[in-house]
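Everything below concerns the one structure shown next.
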Amino acid sequence: MNWRRLNNVLHRDIGYLAVGLSIVYGVSGLAVNHKADWNPSYRVGKTIRQIEPMRATDREGMVREALGKLGIDQAPRNAFRPNPDTLQLFYREATYSIDLPSGAVVIEQARPRPVLFEVNQLHLNTPKRIWTLVADVYAIGLVVLAITGMFVLKGRTGITGRGAWLTAAGVLMPAVYWVFYLYGP
Amino acid sequence: MRRAMMVAAVLLVCGGVVLSAAVKKYGKPLTLKETTKISAIFAQPDSFNGKRVKVQGPIVDVCEMKGCWIAIASDKEFQSIRFKVDDGVIVFPMTAKGLTAKVEGVVTVSTLSEEEQIAQGKEMEKEMKKPFDPKTVKGPKTVIMIKGEAAEIE
């Protein structure tokens, strides 16, 4: 097997292996790139309800009373009073903040976005541990893909022809941007 | 041979996903055996400043944008302490609210001027999308938090 055949086999097979992760990182990259404008992992919502005002008593009694007034059967994971006038009830995907004197209830919901939540967790390496190794191997795979990709074709469209110009453009683009970023207006 | 290599690679990727899904430990392992009451830290913040502690309590808030901090309720009412990690070191899920956290880190006590509080409040307003009124800031404020890199959530 000559070197170009080996190069092309490597490029092809690493490319196949990288398809899944490239989609994961690509989709998640788009999502988290705009996180200033939206929450890419959670669908966050807020609703307001009104119940009868409540008196501050012991916490367990207040939780029972609040659940009755809200018509909720399920016990919360936990309850907390951040201040004397507020009772918070925590559920997996919702937090109820009750203003005791007025009875105003703010319900904050945070539901993981299907698919996006999972791909963002992987992209941001939330699991750590073995995923760090997988992500490292993938990153090395991308470098190998980039290098072998330059030598897949020979001739006019290869790295000695059009490929040289396109490769140079691709290398210059981040370099020029960085200089502009540092010294530009 | 090539088929075997491909199967091994797929198994490696799938194994990683499965193993990761069961993890409830975040960051480095907890090392301290003794648990400090959060109320004790609030009672004598200066004596804990710079000390490494392990605390435990229900999670009552989570950083919405980056998952880079959680607030843990104290054993006393109306108290909670923020556990902050460097961005990306740990990403706490928003669905962790109400679960119990054990965290370990170094207590930091600092005093924020009015200007710093207003700047921080505006930042939080943007991050948490909760309204902030600068008029609520009255004088310097002592901020107690734990900066760490180890947590367990159950």
Side-chain angles (χ1 to χ4, degrees), chain A residues 9 13-14 16-18 20-21 24 32 35-36 38-44 46 56 58-59 76-95 97 106 108-112 117-118 120-122 124-135 137-138 141, chain B residues 2-3 5-28 57-68 71-74 76-80 87-101 126-130 149 153-154:
Chain A
V9 166
D13 289 351
I14 294 173
Y16 286 140
L17 276 172
L21 278 180
V24 164
V32 298
K35 66 181 176 187
W38 74 320
N39 189 319
S41 295
Y42 296 92
R43 200 183 298 273
V44 181
K46 191 182 281 186
D58 65 297
R59 197 199 295 180
R77 279 176 169 174
N78 234 312
F80 177 58
R81 294 182 68 193
N83 58 59
D85 287 339
T86 308
L87 173 69
Q88 291 183 316
L89 307 176
F90 300 105
Y91 291 88
R92 178 178 156 76
E93 293 180 354
T95 298
S97 294
V106 178
E108 290 178 309
Q109 288 174 312
R111 294 200 172 113
F117 175 80
E118 286 79 13
N120 290 340
Q121 295 291 294
L122 295 177
L124 300 172
N125 192 12
T126 303
K128 307 286 182 208
R129 300 170 189 243
I130 198 168
W131 192 253
T132 305
L133 176 66
V134 174
V137 170
Y138 173 67
Chain B
R2 204 169 75 184
R3 182 172 291 177
M5 283 173 66
M6 290 175 102
V7 170
V10 170
L11 286 177
L12 180 68
V13 171
C14 294
V17 172
V18 170
L19 283 174
S20 305
V23 170
K24 289 181 181 176
K25 294 179 178 178
Y26 296 85
K28 294 181 178 174
I59 298 170
V60 294
D61 209 355
V62 180
C63 169
E64 194 175 301
M65 290 306 288
K66 298 176 188 167
C68 64
I72 301 170
S74 168
K76 279 194 175 173
E77 281 199 312
F78 317 136
Q79 279 183 349
S80 65
D87 290 357
V89 172
I90 295 175
V91 180
F92 291 109
M94 285 188 74
T95 49
K97 280 186 192 177
L99 296 177
T100 300
K126 197 174 159 190
E127 186 181 311
M128 304 287 285
K129 297 189 172 48
K130 286 179 183 169
E149 62 294 307
I153 294 178
E154 52 188 313

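Since the structure is predicted, the reported quantities are computational estimates derived from the model, not experimental observations. Throughout, a chain's letter reflects where its sequence line sits, starting with A, and its residues are numbered from 1.
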Engaged part of B:A71 at the chain A interface, taking heavy atoms whose separation is under 4.5 Å: neither

Proximal component of A:Y91, with respect to chain B [non-hydrogen, under 4.5 Å]: backbone

All ring-ring contact (aromatic ring centres under 6.0 Å, His included) counterparts of A:F117, not counting sequence neighbours: A:Y42

CZ-OG distance between A:R81 and B:S80, expressed to the nearest 0.5 angstrom: 14.0 Å

Value rounded to 0.5 Å, distance of CZ in B:F92 from OG1 in A:T126: 11.0 Å

Polar side-chain atom of B:K97 near backbone of A:L89 as donor-acceptor pair, under 3.5 Å: no

Verdict with reasoning, A:E93 to B:M94, per side-chain contact (heavy atoms from CB on, under 4.5 Å): CA-CA 8 Å; A:E93 293 180 354; B:M94 285 188 74; over 6 Å; no

A:R111, CZ: over 12 other non-hydrogen atoms inside 6.0 angstrom: no

Contact class of A:P112 relative to chain B, heavy atoms under 4.5 angstrom: side chain

Point-to-point distance, once rounded to the nearest 0.5 Å, from CZ of A:R129 to NZ of B:K25: 6.5 Å

Distance, nearest 0.5 Å, that separates CG of A:L124 from CD1 of B:I90: 14.0 Å

Top contributor to chain B interface from A:N125, A:T86, A:V44 [non-hydrogen pairs under 4.5 Å]: A:V44

Stepwise side-chain contact (heavy atoms from CB on, under 4.5 Å) test for B:E64 and A:E108: CA-CA 11 Å; B:E64 194 175 301; A:E108 290 178 309; 5.6 Å; no

Closest approach of B:T95 to A:A110 (non-hydrogen atoms, all atoms of both residues): CG2-O, 4.1 Å

Residue, of A:P82, A:S41, A:A79, that accumulates the most heavy atom pairs under 4.5 Å with chain B: A:P82

Contact winner vs chain A - B:V91, B:L99, B:I59, B:T100, heavy-atom pairs under 4.5 Å: B:L99

Side-chain donor or acceptor of A:N39 paired with backbone N/O of B:M65 under 3.5 Å: no

B:F78 side chain reached by A:P84 side chain, heavy atoms, under 4.5 Å: yes

Pairwise distance CG(A:D58) to CD(B:E77) - rounded to 0.5 angstrom: 9.5 Å

